[in-house]
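To start, the structure under review is shown below, and the notes come after it.
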Amino acid sequence: MVVTEQQSLADMTTMRLGGKARWVIEVATNDDLLLALHFASERNLPWFVLGDGSNVIAKGDYEGVIILNRIAGFEKIDEDDASATYKIGAGKVWDAVVERVCEANFSGIEAMSAIPGRAGSTPVQNVGAYGQEIADTLVSLDAYDTNSNEFVTLSRDDCEFSYRNSVFKNPVTRHHIITSITLRLRKTQMTPPFYPALETYLGSHGVTDYSPQNVRAAVIAVRAEKLPPVEKIASAGSFFKNPIIDKATAEQLLLEFPDAPHWPMGEDKVKLAAGWLIDQAGLKGFSKYGMAVYPKNALVITNQYATSSSDLEQFKSEIIDIVRDQFGIILEQEPEDLSS
Ligand code: EPU
């Protein structure tokens, strides 16, 4: 267990904002995690668990304990004719997990290639890309329950997954620290139709064998075109959720904007593309306060040289206002705020 003081939150989050964290503790095992929680409670301090900080926006200083989850583990625990089940430590780098699983020729997470972050963060916002989401393969997860003070196993149903959401997403009500995830992967390949961007890439490159490794390679190429590399450009990936609105409101909007991409969500809801709305509002490349709308993808906000989260707040409000004035839709931030 490594304990440090006064570390920069900008160095721990991919949007590269925020001040200093009073304490930072890196935990490699469940026992370390208990020690870190004890360290915080002894000092009467709040704590916050971070993976790679790729979906968390830091604001100012954090007068508490940042727990960096680095719990290891990668084990095939079961295999039958149709599937293989892996138990993966929450601190494993997610894309390294995807790579290993694809090399072993198992399907289920290949479309979630090249997503930044750690395995244990994927259930929090039900990470998804190109038609797959973690809720599809996750069978259970192990976590520490900070209400009952014990390690527990939660089933997929316990996680209450929905679009970019789970029981873990709300920092006020959540009371679990994920320590491992258990995924059941298939031996059968993905089948067409694929998500449009992926379909186009596979078609234009003549790929007809949809092996996990081929799909992974295609996803990596497609993402590289549309998403800024976190190592080089500060961002938190998609900055807004795709809005889910009433069917009646959507029908009204589609009369005026028949080209708006949209997907039915159950009987009476429709999902719109936030990136399309921002793009149509003419905001691609828009920059102010040291922040910018990524020119290749309007859903992504990049931090060019801002150092304060208030710069992001102002920039975000202007985007929300412009989109609301033009379309009557109120966009919501997708990454979580780290606040005391
Ligand atoms: N679009 C535009 N202009 C833009 C961006 C998008 O017109 O600048 C249009 C696209 O042409 C498309 C639609 O909007 O018709 C949807 O765009 P895209 O297919 O690129 O996907 P997305 O909805 O923008 C979601 C996830 C991404 C994920 C991709 C691929 C959310 C909030 N985002 O983006 O996740 O990689 O689908 O599956 O659901 C992330 O969460 O950080 C992330 C990158």
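Read the numbers this way: they start at 1 and go in the same order the structure lists the ligands and their atoms. Start at 1 with the first residue, then count along the sequence.
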Legend entry - Residue list, salt bridge (charged side-chain N to carboxylate O under 4.0 Å, His left out) with Asp11, at least two apart or on another chain: Arg16

Legend entry - Partner residues of Tyr195 under the ring-ring contact (aromatic ring centres under 6.0 Å, His included) criterion, sequence neighbours left out: Tyr130

Legend entry - Neighbouring protein residues of ligand 1 - any heavy atom closer than 4.0 Å: Ala129, Tyr130, Tyr163, Arg164, Tyr195, Arg223, Lys226, Leu227, Gly237, Ser238, Phe240, Asn242, Pro261, Trp263, Ala273, Gly275, Trp276, Asp279, Lys284, Asn297, Ala298, Leu299

Legend entry - Geometric cation-pi criterion, Arg100 with Phe74: 6.0 Å, 45°: yes

Inset, instruction - Specify whether Tyr62 and Phe48 have parallel, tilted or perpendicular ring planes, treating 30° as the upper limit for parallel and 60° as the lower limit for perpendicular. - result: perpendicular

Under 3.5 Å, sequence neighbours excluded: what are the donor-acceptor pairs made by side chains of residues 269-278?
residue, atom, partner, partner atom, Å
Lys269, NZ, Asp246, OD1, 3.0

Inset, instruction - Enter the distance from Thr122:OG1 to Leu183:CG here, rounded to the nearest 0.5 Å. - result: 7.0 Å

